[in-house]
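Chain letters run A, B, ... following the sequence lines, proteins first, then strands; residues in each count from 1.
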There are 2 protein chains.
Amino acid sequence: MPTPHYGQPRYRAIAGELRRRIESGIIPPGSLLPAESALTAEFAASRGTIRQAIAVLRDDGLATTEHGRGTYAIARPYASALIENSNLNARRREVAADADLAKLFDIAPGSILVMRETVTCAQDKVESVVRVYQLLNGDR
Amino acid sequence: MPTPHYGQPRYRAIAGELRRRIESGIIPPGSLLPAESALTAEFAASRGTIRQAIAVLRDDGLATTEHGRGTYAIARPYASALIENSNLNARRREVAADADLAKLFDIAPGSILVMRETVTCAQDKVESVVRVYQLLNGDR
DNA sequence: AGAAATTTGTCCGTATGTATC
DNA sequence: AGATACATACGGACAAATTTC
């Protein structure tokens, strides 16, 4: 199919469906989601779209993914935040501006900023952590 | 989001930022750059734009890409000298690791890290603040 | 212990539609 | 009109971690 993104994109619809299954217990916490290949078949979507949907779940803290294993459902929709994701690059968070950031952005300390964190690894070790702070105006 | 390519197109600005990280050792030679998806998130740009930026790096001999693996930084004996971003201010500080950083680097919270802070401006306004954290000693 | 299958990670190329400069 | 950019979506291929046989 082409790409008419009327209303809701497909990956969001799929993410919503998977979210329902997790939160309703159809996919119990700690269990594996169906493999990407299975979801591809079930939703008749491309793998990229499925992976996008799963990324939404990860971003919402509803799932974690392990290379070669699969994607696990997570119990609490919140609170785990960043902890399990240290092996994954780029996460978006909203944080309070510290004094320095407040001064730079010319905002009040404690105001909310968007932070994106990227981890660069070399030889199994964390090489550097990059944190990008931005105002959260027109972001999606 | 609109498309204000004031002066410099976005993909060139991103290429410039990545170039800086490579040439400054933030992304050491031989290591992998963050994946396209990670860069997409960090720079809040579309995949096409990120790929364009990486293409610039390849073209400049600063990176090579391997199918299925990723994009590697390449050691460049030359100094950049040429390219842009005079509106970039970087400074170096030593800071204590917060809980997240400590976990990522596998060090004790409160340990000292090097932080380099870069402020990028657009039209007199602070657009984003980038903080790069690295270990003090065993740097390459 | 080793090979094969499974599964996720990443990149490649392409395509459509929308919007702005 | 053309260049830039975003968001979405497809299909294919190779790489790497894990599991299974």
Side-chain angles (χ1 to χ4, degrees), chain A residues 1-16 18 31-59 63-73 84-92 118-124 134 137-140, chain B residues 1-18 27 31-59 63-73 122-123 127:
Chain A
M1 296 306 182
T3 316
H5 49 285
Y6 308 123
Q8 193 179 226
R10 303 194 58 195
Y11 75 93
R12 290 210 172 271
I14 295 172
L18 292 176
S31 71
L32 280 172
L33 269 67
E36 291 174 359
S37 55
L39 295 173
T40 294
E42 179 187 336
F43 291 102
S46 74
R47 193 182 159 210
T49 302
I50 296 298
R51 286 176 59 79
Q52 241 180 314
I54 292 176
V56 171
L57 299 182
R58 268 198 303 270
D59 213 53
T64 55
T65 302
E66 292 178 25
H67 192 171
R69 271 219 183 75
T71 298
Y72 294 90
E84 308 303 333
N85 297 50
S86 30
N87 60 337
L88 222 70
N89 279 338
R91 178 166 188 81
R92 180 184 183 280
T118 304
V119 180
T120 300
C121 297
Q123 274 84 26
D124 212 23
Q134 289 175 313
N137 37 10
D139 64 327
R140 45 81 209 263
Chain B
M1 272 293 113
T3 312
H5 55 285
Y6 305 120
Q8 193 177 225
R10 196 126 150 68
Y11 73 93
R12 290 214 168 266
I14 294 173
E17 171 62 23
L18 292 176
I27 300 177
S31 72
L32 280 171
L33 269 65
E36 289 176 356
S37 57
L39 295 174
T40 294
E42 179 188 331
F43 291 103
S46 73
R47 187 188 159 213
T49 302
I50 296 298
R51 284 174 60 76
Q52 256 181 301
I54 292 176
V56 171
L57 297 182
R58 268 198 305 270
D59 212 54
T64 55
T65 301
E66 289 179 27
H67 193 169
R69 285 266 301 153
T71 297
Y72 294 90
Q123 273 66 44
E127 189 184 50

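Within 4.0 Å of A:G48, counting heavy atoms only, lies no atom of the nucleic acid at all.
Residues meeting the salt bridge (Lys or Arg N to Asp or Glu O under 4.0 Å) test with B:R58, sequence neighbours left out: none. Judged as a side-chain hydrogen bond (donor to acceptor under 3.5 Å, both in side chains), and not counting sequence neighbours, the contacts of A:E36 are A:R47, A:R51. By the side-chain hydrogen bond (donor to acceptor under 3.5 Å, both in side chains) test, A:E42 pairs with A:R21, sequence neighbours left out. Every residue two or more places apart in sequence or in another chain that forms a side chain to side chain contact (heavy atoms under 4.5 Å, CB included) with A:S31 is listed here: A:I27, A:P28. With sequence neighbours left out, B:T64 forms a side-chain hydrogen bond (donor to acceptor under 3.5 Å, both in side chains) with no residue at all.
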Structure string for DNA chain C in dot-bracket form, Watson-Crick and G-U at under 3.5 Å, | interchain:
.||||||||||||||||||||

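Contact annotation: A:Y11 side-chain N/O to D:dA9 OP1/OP2 distance is not under 4.0 Å. Side-chain N/O atoms of A:T49 include one lying less than 4.0 angstrom from OP1 or OP2 on D:dC10.
Between A:A53 and A:I14, the shortest heavy-atom contact is CB-CG2, 3.8 Å. The nearest pair of heavy atoms linking A:L33 to A:Y72 is CD1-C, 4.0 Å. When all heavy atoms of A:A44 and A:R10 are compared, the pair lying nearest together is O-NH2, 3.4 Å. Closest approach of A:Y11 and A:T49 over heavy atoms only: CB-O, 3.6 Å. Here the closest heavy-atom approach between residue B:A45 and residue B:T40 is recorded as O-CG2, 2.9 Å. When every heavy atom of B:A15 is checked against every heavy atom of B:L57, the shortest pair comes out as O-CD2, 3.6 Å.
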Identify each atom pair where a protein N or O and an N or O of nucleotides 3-5 of chain C are less than 3.5 Å apart, giving names and distance.
none

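The CG-C1' distance, from B:L39 to D:dC6, rounds to 16 Å in whole Å. Between the CD atom of A:E36 and the C1' atom of C:dG9 there is a distance of 8 Å, rounded to whole Å.
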Residues B:L18, B:L39; criterion side chain to side chain contact (heavy atoms under 4.5 Å, CB included); working and verdict:
CA-CA 10 Å; B:L18 292 176; B:L39 295 174; 4.1 Å; yes

In B/S/- notation, 5' to 3', how is nucleotides 12-17 of chain D contacted by protein heavy atoms closer than 4.0 Å?
BBBSBB

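Residues from residues 50-58 of chain B placing a heavy atom under 4.0 Å of any atom in DNA chain D do not occur.
Residue B:T65 has its side chain nearest to C:dC11 when only C:dC11, D:dC6, D:dC10 are considered.
Atom OG1 of residue A:T65 and atom CG of residue A:L32 lie 10.0 Å apart, to the nearest 0.5 angstrom.
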